[in-house]
Amino acid sequence: MADEQDQAQGQERADVRAWYQGEQARLHEVSPAQWREERDAEVRFVREWAAARRRHVA
Amino acid sequence: VTPPDSPREISLVLDTTAVLAYAAGSMHVHEPLILAAEAETDAAVPLPCLLEAVRRDPGADVYGVTHNRLIQVVQPAWEDVELVRDWTLYYDGREDLAAAAVISYRHDYCPVLTAEPDAYLLAGKRPRWIIPIDGTW
């Protein structure tokens, strides 16, 4: 019974590791340059949105 | 709070919900931490996320977060104060989300682990750096 529990827990752990490694692989589908470009574009978007919001409120 | 000159690179950010999941024993947070450690990197918990986690659940056992050598409790850098303000405005006052986003932004390929992925939508789209965790811990 304990063995079965250990086995099930081990399998769950392996599944979770595989899930996270898959997520990491997804992140690395883009090159470092593309990654940086995307993130900089997001920051520009948020900055412009916030500036427009402040102008609107003022 | 971990000194900013901590020698280990940060490869993962845990947000408020990930902190709560960690405290509840979620394998979806514990295993990524172990994988980060195997790569000789740390995870980061933004201080606003830690505070928000305790505010949401005062009974949450965050000792394991604040005393885990694989987790750095961090503040966004001083030069990012304006950036955090902008993100906080965008995220409707959620400074914890803003801090997680900004700290993740400062580290390449550094995702945010979260149980509320839709809170991070940008222009209606989920950013690439969001990793949703199973909320059924």
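First the proteins, then the strands, lettered A, B, ... as listed; each starts at 1.
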Within [range], residues adjacent to chain A where the heavy-atom gap is under 4.5 Å:
range: residues 88-96 of chain B; result: Leu89(B), Tyr90(B)
range: residues 48-59 of chain B; result: none
range: residues 33-41 of chain B; result: Ile34(B), Leu35(B), Glu38(B)

Report whether Phe45(A) and Tyr120(B) are members of the same hydrophobic cluster (ILVMFWY, side-chain heavy atoms less than 4.5 Å apart, transitive linking).
yes
Is any side-chain heavy atom of Tyr105(B) closer than 4.5 Å to a side-chain heavy atom of Asp40(A)?
yes
So, the part of Glu12(A) with a heavy atom under 4.5 Å from chain B: the answer is both
If one checks every heavy atom of Arg53(A) against chain B at 4.5 Å, the contacting part turns out to be side chain
side-chain hydrogen bond (donor to acceptor under 3.5 Å, both in side chains), that's the test. Do Trp129(B) and Glu38(A) meet it? Break it down for me.
CA-CA 10 Å; Trp129(B) 40 273; Glu38(A) 277 185 19; over 6 Å; no
Could you give the side-chain donor-acceptor pairs of residues 24-32 of chain A under 3.5 Å, partners two or more places apart or in another chain?
unit_1: Arg26(A); atom_1: NE; unit_2: Glu23(A); atom_2: OE1; d: 3.1
unit_1: Arg26(A); atom_1: NH1; unit_2: Arg128(B); atom_2: O; d: 3.0
unit_1: Arg26(A); atom_1: NH2; unit_2: Glu23(A); atom_2: OE1; d: 2.8
unit_1: Arg26(A); atom_1: NH2; unit_2: Arg128(B); atom_2: O; d: 3.4
unit_1: Arg26(A); atom_1: NH2; unit_2: Ile130(B); atom_2: O; d: 3.0
unit_1: His28(A); atom_1: ND1; unit_2: Gln24(A); atom_2: O; d: 3.0
unit_1: Ser31(A); atom_1: OG; unit_2: Gln34(A); atom_2: N; d: 3.1

Check: Trp19(A)/Glu31(B) side-chain N/O donor and acceptor closer than 3.5 Å
no
Exercise: identify the closest heavy-atom pair between [X] and [Y]:
X: Cys110(B); Y: Trp35(A); result: N-CZ2, 3.8 Å
X: Tyr20(A); Y: Pro111(B); result: OH-CG, 4.0 Å
X: Glu42(A); Y: Pro127(B); result: OE2-CB, 3.9 Å
X: Ser104(B); Y: Arg39(A); result: OG-NH1, 2.5 Å

Gln9(A) CD to Met27(B) CE distance, which is reported to the nearest 0.5 Å
5.5 Å
